Number of protein chains: 2
Amino acid sequence: MPRYGRYKTALYDQFARVGKALASARRIELLDLLLQAERTVEDLAGQTNMSIANTSQHLQVLKQARIVESERRGNHVVYRVTSDHAGNLLTSIQQFAEVGLAEVDAITRRFHDGCEEMEPVDRVQLMTRAKTGDAIVLDVRPKAEYEAGHLPYAESLPLEDLEQRLASLPKDKQIVAYCRGPYCVLAVEAVERLRERGFNAIRLEDGVREWQEQGLPVEYEESA
Amino acid sequence: MPRYGRYKTALYDQFARVGKALASARRIELLDLLLQAERTVEDLAGQTNMSIANTSQHLQVLKQARIVESERRGNHVVYRVTSDHAGNLLTSIQQFAEVGLAEVDAITRRFHDGCEEMEPVDRVQLMTRAKTGDAIVLDVRPKAEYEAGHLPYAESLPLEDLEQRLASLPKDKQIVAYCRGPYCVLAVEAVERLRERGFNAIRLEDGVREWQEQGLPVEYEESA
DNA sequence: AAAGTATTCAAGCAAGTACTTGAATACCAT
DNA sequence: ATGGTATTCAAGTACTTGCTTGAATACTTT
C-alpha cells in the first residue's frame with residue numbers, strides 16, 4: 001500500500017515522539033517527581049542532582065511530547081503533568097519492566113526485604129480501619145506532595161520530621177506508612193525506624209498514583 | 001538520601017531501557033506488526049521497507065528490552081512479543097498520543113473521514129448479531145494474522161482477495177470490517193470498496209488487541 | 001531605573017544511534 | 001561435503017542526544 005506510506009510513518013513518528021521522551025532515565029526521574037506534585041525547575045534540579053540548564057532541557061523534551069506543561073508563576077516556572085494519562089505511561093512501563101526485566105526485581109528486592117508489605121486485598125479494608133481510627137495512615141513524603149493529593153484519612157508526616165513527632169504516635173495501633181509508590185524508599189525507611197522504636201508499623205506499597213489507578217478516592221487540600 | 005542514589009538510578013535506567021526501545025518509529029512499526037502475529041525477520045523487513053540487517057538490529061533492541069523474543073525455526077528466525085503486556089505498552093502510548101497530540105488526530109482524520117465507525121457501545125451487541133448471522137464480521141488482515149487470533153464469528157477475507165470474493169457476500173446484511181486497530185487503514189479501504197459496490201458496510205475501529213484489552217473473548221485457530 | 005533571581009537559549013564537544021555494506025554464521029537440501 | 005538461504009555481526013559514516021558553559025531573557029524587588 002504505497003499510498004498509505006506517508007500516513008503510517010507520520011503516525012509512528014508521533015508515537016515514537018512519546019517513546020523518545022521516555023527514553024532517558026533522567027526524564028523518567030523528572031516525570032516521577034512531577035507525578036507527585038508540580039514543581040519548579042530549580043526544585044527538580046535539586047532533587048535530581050542535575051544542573052539547572054540540563055533539567056530545563058529535559059523538561060522541554062517532555063513538554064514537546066505534551067507529557068508536561070509549564071506556567072510562569074512570578075519568578076519561577078512551574079512544571080506539572082498535563083493529565084493523568086501521563087501517569088498511565090509511566091505505570092505501564094513500570095509494570096512491563098517489573099514482569100519482564102529480572103533486573104528490576106533484583107534491584108528492588110535488595111532494598112525492600114524484611115519489610116513486609118500489605119497484601120493488595122487489604123486496600124479497601126485499610127480505609128475503613130483508617131476511618132474508624134483502628135489504623136493510622138502516614139504519608140511520609142514531603143509536605144508539598146501530601147498537599148497535592150493524598151490518601152483519605154492519611155496524615156502528613158514527612159520522613160525528615162519523623163523523629164520529632166514520634167511521641168504523638170500510638171504504640172497500640174497499627175501504623176501504615178506509604179510514599180510515592182512501589183519503587184520509593186521513603187516508606188521503607190520510615191517503617192524501619194518505627195519498628196526499631198517498638199511501633200507496629202507496616203508499609204503500603206501503593207502511592208497516590210497507584211491508588212488512583214485502582215479507582216480509589218484521593219483527597220486534595222482545599223487551601224493551596 | 002545519598003544512600004539510595006544508586007538504587008534509584010539503577011531503577012530509572014531499567015525503565016528508560018523500555019522507553020528507549022519505544023523511541024524509534026521503526027521499532028514501533030515492528031512492534032505493531034508483531035502484535036498481530038509472529039513473523040520472520042525477512043517478512044518484517046519486507047512489510048516495513050527496511051533492509052534486513054537494519055530490521056535485525058531494531059529487533060535486537062526490542063529483544064534486549066524483553067519486548068520481543070526470538071526462536072530459530074529451520075532456516076528462519078521467528079520473532080514474537082514476549083507477552084500481552086507488550087501490547088499494553090503500545091496501547092498506552094497510543095492512547096496518550098491520541099488525547100495529547102493534536103497531530104495524531106489530524107493525521108488519522110485525513111484518512112478515516114467519511115467512513116463512519118461503530119459506536120463503542122455496539123461491541124457486545126455486535127457479537128450477538130454476528131452469532132445469529134444478522135451481521136457479517138470480516139477480518140481483512142492477511143490470513144496469517146487472522147490465524148494468530150481473531151474476533152469470534154469473524155471470517156477471514158484479506159483485503160487483497162476482496163474483489164474475487166465479492167459474490168459470496170450478501171447485500172442485505174450489514175458487513176462489519178475490522179483490521180489491526182484504530183490506526184490501520186485496511187478496514188477503511190475495505191469499507192470504501194464495499195460501499196462503492198452497493199454493500200452495507202461499516203468499519204469497526206477495534207483490532208484484536210483492543211478487543212482483548214476490553215476483556216472480550218478472542219478465537220485462535222486450533223491447527224497451526 | 002538598577003540589581004537580583006530563575007529560566008532559557010546557543011554553542012561546543014563527547015557519546016550514542018541509525019543506517020549501509022560486506023563478511024561471518026547457522027541451518028537446509030542435495 | 002557443497003551450495004543456497006536467512007540471519008547476525010562488524011566496521012564505517014552521518015546524524016542525534018546529553019551535558020557543560022556562558023550569555024540572554026523574564027520577572028521581582030528596591
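Bear in mind that the values here come from a model prediction, so they are computed numbers and not experimental data. Numbered from 1 within each chain, the chains take letters A, B, ... in sequence-line order. These values consider heavy atoms only, across backbone and side chains, with no hydrogens, waters or symmetry-generated copies.
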- [ ] Report the distance from atom CG of B:Leu30 to atom P of C:dC19, rounded to the nearest whole Å.
- [x] 10 Å

TODO: Report yes if a side-chain nitrogen or oxygen of A:Ser56 is closer than 4.0 Å to either non-bridging phosphate oxygen (OP1 or OP2) of C:dT7; otherwise report no.
DONE: no

TODO: Identify, residue by residue, the members of residues 58-67 of chain A with a heavy atom below 4.0 Å from DNA chain D, and return them in order of residue number, or none.
DONE: A:His58

Could you pull out all donor-acceptor pairs under 3.5 Å where a side-chain atom in residues 148-156 of chain A meets a protein atom, sequence neighbours excluded?
| unit_1 | atom_1 | unit_2 | atom_2 | d |
| --- | --- | --- | --- | --- |
| A:His150 | NE2 | A:Glu221 | OE2 | 3.0 |

Open item on the list: Quick check on C:dT8: is either OP1 or OP2 less than 4.0 Å from any side-chain nitrogen or oxygen of A:Tyr79?
Closed with: yes

Task: Residue pair B:Leu30 / B:Thr55, side-chain heavy-atom distance below 4.5 Å - done: yes

- [ ] Decide if atom CG of B:Asp84 counts as having more than 12 heavy atoms of other residues, nucleotides or ligands within a radius under 6.0 Å.
- [x] no

- [ ] Identify which nucleotide among D:dA6, D:dG18, C:dA6 has an atom closest to any side-chain atom of B:His76, counting heavy atoms from C-beta outward.
- [x] D:dA6

Under 3.5 Å, which protein N or O atoms sit close to an N or O of nucleotides 14-17 of chain C? Give each pair with its distance.
none

Open item on the list: Nearest whole Å is fine: how far is D:dG18 P from A:Leu22 CG?
Closed with: 12 Å

TODO: Indicate yes or no: does B:Arg66 engage A:Glu103 in a salt bridge with an N to O separation below 4.0 Å.
DONE: yes

Task: Between A:Glu98 and A:Tyr183, a side-chain donor and acceptor under 3.5 Å - done: yes

- [ ] Enumerate the residues from residues 33-55 of chain A whose closest heavy atom to DNA chain C is under 4.0 Å, giving them by residue number; use none for an empty result.
- [x] A:Thr40, A:Val41, A:Glu42, A:Ile52, A:Ala53

Open item on the list: Please determine whether a side-chain nitrogen of the Lys or Arg among A:Arg80 and A:Glu69 lies less than 4.0 Å from a carboxylate oxygen of the Asp or Glu.
Closed with: yes

Task: Base-contact (B) and sugar-phosphate-only (S) positions in nucleotides 24-30 of chain C, heavy-atom cut-off under 4.0 Å, - elsewhere - done: --BBS--

Task: Spacing of A:Phe15 atom CZ and B:Ser24 atom OG [to the nearest 0.5 Å] - done: 14.0 Å

Task: B:Gln64 atom CD, neighbour heavy-atom count above 12 within 6.0 Å - done: no

Open item on the list: Under a 3.5 Å cutoff, is there a donor and acceptor pairing between the side chains of B:His58 and B:Arg27?
Closed with: yes

Open item on the list: What I want to check is whether the side chains of B:Arg209 and B:Thr91 have a donor and an acceptor closer together than 3.5 Å.
Closed with: yes

Open item on the list: My understanding is that only one of A:Val191, A:Leu169, A:Leu157 makes a side chain to side chain contact (heavy atoms under 4.5 Å, CB included) with A:Ile175; could you say which?
Closed with: A:Leu169

Open item on the list: Without decimals, in angstroms, what is the distance between B:Gln57 CD and D:dC9 C1'?
Closed with: 8 Å

Open item on the list: What is the distance, to the nearest angstrom, from the CD atom on B:Glu69 to the C1' atom on D:dT7?
Closed with: 18 Å

Task: Ion pair A:Arg193/A:Glu189, N-O distance below 4.0 Å - done: yes

- [ ] For A:Arg141, check side-chain hydrogen bond (donor to acceptor under 3.5 Å, both in side chains) against everything at least two apart and list the hits.
- [x] A:Gln36, A:Asp139

